[in-house]
Amino acid sequence: MQSRLHSIQLRIENACLAAGRPTSEVRLLPVSKTFSHEQVEQAIALGLTRFGENRVQDLRDRYAHFKEQDLQWVMIGHAQTNKAKEIARYASELQSLDRLALAESLQARLSIEKRVLPVFIQVKTAREDTKFGLAPEQLMEFLTQLRSFDTLQPVGLMTMATQTKDQAEIRRCFALLRQLRDQARDAGFERIRRLSMGMSGDFELAIAEGATDIRVGSALFGDRDYDQPR
Ligand SMILES: *Cc1c(COP(=O)(O)O)cnc(C)c1O
């Protein structure tokens, strides 16, 4: 895993160099979903302390399993409204806020927990209808509505690109997210700064388009086996 982490770091450095951006602008979020606790231990031994999970149940299990260590668990997947309590308790950040109903449930639960949660708004930039996220044209209204939720701290936008080998199409998704971020800032949503986009196979393209947070699973942990019991 050490050599895989090293090659990810090199890829980040090269992509930043090519884009004329400082490496410090790009934060790596290791995505531990589907990998074993032992593999997460290995990553912790390499100094990693934040991990992304895409199911609330898994986030909660990780939290419980690694309770004695100072780690952060980031929710990156679609969350059902009835899971707001677990998110409010166990997530350090939510990168997949995609609807008002979830914001409302989180507001109620976070108030009870007396916590403020940094959130990314997930926007659908892909041309498939399988992906979650707000439609781009709904973003401004959603940001306005979020202003009344004092426990949610919007920090940026998140997207998943179209699943394709077509680099131009992937890049279009990332460029669209950047444009939306810029529009939001111009419209007075100054705290919307971060762009969570790019995964193992495409994060160089995302960095070229301004990614500040890349979500990397298989390039770090190895191939994912969805059938493996955890
Ligand atoms: C699984 C997942 C990733 C990481 O994917 P890899 O291709 O393994 O790097 C990133 N983001 C989300 C939302 C995911 O569900």
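For the numbers below, each heavy atom of this structure counts, side chains included, while hydrogens, waters and symmetry mates do not. Values in this document were obtained by computation on a predicted structure and should not be read as measured data.
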Inset, instruction - Using a strict 4.0 Å threshold on nitrogen-to-oxygen distance, state whether E209 and R178 make a salt bridge. - result: yes
Inset, instruction - Check the surroundings of atom CD in E141: do more than 12 heavy atoms from other residues, nucleotides or ligands lie under 6.0 Å from it? - result: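 Check fails, neighbour count at 12 or below.
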Legend entry - I170 CD1 to M199 CE distance, which is reported to the nearest 0.5 Å: 9.5 Å
Inset, instruction - Verify whether one side chain among Q95 and E93 offers a donor that lies under 3.5 Å from an acceptor in the other. - result: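 Yes.
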Inset, instruction - Evaluate the side-chain proximity of H78 to S96: yes if any heavy-atom separation is below 4.5 Å, no if none is. - result: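 Result no, sub-4.5 Å side-chain heavy-atom pair not found.
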Legend entry - CD (Q2) with more than 12 external heavy atoms under 6.0 Å: no
Legend entry - Interatomic spacing from CZ in R50 to CD1 in I44 - rounded to 0.5 Å: 14.0 Å
Legend entry - Main-chain N/O of T125 paired to R172 side chain as donor or acceptor, under 3.5 Å: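 Pair found, side chain donor or acceptor close to backbone of T125.
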Legend entry - E41, CD atom: more than 12 neighbouring heavy atoms under 6.0 Å: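 Yes, enclosed.
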Legend entry - P136: which of L157, L177, T159, V123 passes side-chain contact (heavy atoms from CB on, under 4.5 Å):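 Checked L157, L177, T159, V123 against P136; only one passes side-chain contact (heavy atoms from CB on, under 4.5 Å): V123.
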Legend entry - F149 and E104, any side-chain heavy atoms less than 4.5 Å apart: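 Yes, their side chains come closer than 4.5 Å.
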Legend entry - Trace of the salt bridge (Lys or Arg N to Asp or Glu O under 4.0 Å) decision for E113 with K85: CA-CA 9 Å; E113 302 290 329; K85 181 164 123 187; over 6 Å; no
Inset, instruction - For the residue pair L152 and L110, establish whether any side-chain heavy-atom pair is separated by less than 4.5 Å. - result: yes
Inset, instruction - Flag the pair F189 / R185 as yes when at least one side-chain heavy-atom distance between them is below 4.5 Å, and no otherwise. - result: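 Not touching, per the 4.5 Å side-chain cut-off.
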Inset, instruction - Please determine if R224 forms a cation-pi arrangement with F35, meaning its NZ or CZ atom is less than 6.0 Å from the six-membered ring centre and no more than 45° off the ring axis. - result: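 Judged by the rule, R224 and F35 form no cation-pi pair.
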Legend entry - Sole candidate of L94, L180, L139 that passes side-chain contact (heavy atoms from CB on, under 4.5 Å) when paired with I121: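 Single side-chain contact (heavy atoms from CB on, under 4.5 Å) partner of I121 among L94, L180, L139: L139.
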Legend entry - Side chain proximity check, R62 to H37, heavy atoms < 4.5 angstrom: yes
Inset, instruction - Search all heavy atoms of R181 against all heavy atoms of I192 and return the closest pair with its distance. - result: CD-O, 3.5 Å
Legend entry - Distance-minimising heavy-atom pair for M75 and A91: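 Minimum heavy-atom separation between M75 and A91: CB-CB, 4.4 Å.
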Inset, instruction - Specify the closest pair of heavy atoms between S200 and A219, including all atoms of both residues, with the distance to one decimal. - result: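 Closest approach of S200 to A219: OG-N, 2.9 Å.
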Legend entry - Minimum side-chain heavy-atom gap I8-F203 below 4.5 Å: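 Sidechains of F203 and I8: in contact.
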Inset, instruction - Could you tell me how the ring of F221 sits relative to the ring of F51: parallel (under 30°), tilted (30 to 60°) or perpendicular (over 60°)? - result: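 Correct class here is tilted.
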Legend entry - Charged N-O contact under 4.0 Å between R60 and E86: yes
Inset, instruction - Find out if a path of hydrophobic residues (ILVMFWY) with successive side-chain heavy-atom gaps under 4.5 Å connects M160 to L29. - result: no
Legend entry - V31 with M197, same ILVMFWY side-chain cluster at under 4.5 Å: no
Legend entry - Path from F142 to L176 over hydrophobic side-chain contacts below 4.5 Å: yes
Legend entry - Check: K124 and L134 side chains under 4.5 Å, non-hydrogen atoms: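 Side chain of L134 against side chain of K124, heavy atoms only: no contact under 4.5 Å found.
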Inset, instruction - Taking atom CD of Q179 as the centre, report whether more than 12 heavy atoms of other residues, nucleotides or ligands fall under 6.0 Å from it. - result: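 Yes, enclosed.
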Inset, instruction - Taking atom types as modelled, find out whether E13 and T23 have a side-chain donor-acceptor pair closer than 3.5 angstrom. - result: no
Inset, instruction - Kindly check if the number of other-residue, nucleotide or ligand heavy atoms within 6.0 Å of NE2 (H65) is above 12? - result: yes
Legend entry - Side-chain heavy-atom pair D213, F120 within 4.5 angstrom cut-off: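 The answer is yes; the side chains approach within 4.5 Å.
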